[in-house]
Structures are given as C-alpha cells and as structure tokens.
Amino acid sequence: MVYSLDKTMQDITEKQITEWKEELVRQVQTRDNAQKELDAANININALQGGVQFGELLLKKNESLSQQSGTVDLNPQSKKAPSKK
C-alpha cells in the first residue's frame, strides 16, 4: 500500500513539474515578446524626441538670426516716392 501511495505522489509531482516547465516556456516567450515591443517603443520615442529637439533648435536659430539682422525690406522699390509740392 505504501508503494502505491509513493508512486501516486511521484506521478503528481512529475505532472506538476511538467506543467511548470510548460508555463515557464510560455512566460519566457511573453517576456521576450514584451522586451521586443519595449525596444521598438524606445527607438520610436528616441526618434521623436530627437525630431522635436531638432525642430525646437531650428526655430530658436531662426529666431536668433531674425533678431540679429532686423527686418529687411525685400522690395524697396514698392515704397512711394515722396510727393513734390
């Protein structure tokens, strides 16, 4: 009788180990897929942050150049000539 009880416990334990191994494989796959998604999201975030930073710097540079040079009349001939009296 003791032998059959030990055998049953062994079977239960082996079955549980098999289930845990299968679940371990699924969880590792889930983690690996999540890591790939995270890596892709980080790349996209970095690219977008770089684009924003570039655009902001470009705007600041253009603003700085405009302030340094002042306003330039691109069509000076369009001004009316002083009226003669």
Side-chain angles (χ1 to χ4, degrees):
M1 200 60 111
V2 173
Y3 175 75
S4 69
L5 183 60
D6 286 343
K7 180 65 173 159
T8 303
M9 288 299 295
Q10 183 178 348
D11 291 343
I12 292 171
T13 303
E14 288 173 354
K15 181 179 178 187
Q16 184 63 60
I17 290 170
T18 301
E19 290 175 6
W20 284 338
K21 285 180 178 181
E22 291 169 355
E23 182 63 22
L24 177 60
V25 168
R26 284 191 294 272
Q27 291 300 318
V28 168
Q29 288 173 340
T30 299
R31 183 206 54 204
D32 292 348
N33 290 337
Q35 186 63 50
K36 288 177 187 176
E37 289 292 324
L38 178 62
D39 292 344
N42 283 333
I43 288 169
N44 290 335
I45 288 168
N46 289 338
L48 290 167
Q49 287 175 332
V52 168
Q53 185 179 22
F54 170 77
E56 289 173 344
L57 289 173
L58 188 60
L59 288 176
K60 285 180 184 178
K61 181 179 178 183
N62 287 339
E63 182 180 306
S64 175
L65 289 175
S66 293
Q67 289 175 355
Q68 288 176 3
S69 66
T71 304
V72 176
D73 187 0
L74 298 177
N75 194 1
Q77 296 175 355
S78 66
K79 292 185 179 180
K80 294 181 181 178
S83 59
K84 297 180 182 176
K85 290 188 180 178

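The hydrophobic cluster of I12 has no other members, since no ILVMFWY side-chain heavy atom comes under 4.5 Å of it. Hydrophobic cluster membership for V28: L24 (Ile, Leu, Val, Met, Phe, Trp, Tyr linked by side-chain heavy atoms under 4.5 Å, directly or transitively). Grouping Ile, Leu, Val, Met, Phe, Trp and Tyr by side-chain contacts under 4.5 Å, direct or through others, leaves W20 on its own.
Note: M9 CE to D6 CG = 8.5 Å, rounded to the nearest 0.5 Å.
With sequence neighbours left out, the side-chain contact (heavy atoms from CB on, under 4.5 Å) criterion links L58 to F54, N62.
Screening residues 12-26 for salt bridge (charged side-chain N to carboxylate O under 4.0 Å, His left out), with sequence neighbours left out, gives E23-R26.
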Please report, to 0.1 Å, the donor-acceptor pairs under 3.5 Å made by any side chain of residues 38-50, with sequence neighbours excluded.
| residue | atom | partner | partner atom | Å |
| --- | --- | --- | --- | --- |
| D39 | OD1 | Q35 | NE2 | 2.9 |
| N42 | ND2 | L38 | O | 3.4 |
| N44 | ND2 | A40 | O | 3.4 |
| N46 | ND2 | N42 | O | 3.2 |

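Residues E56 and V52 meet the side-chain proximity criterion, which asks for heavy atoms closer than 4.5 Å.
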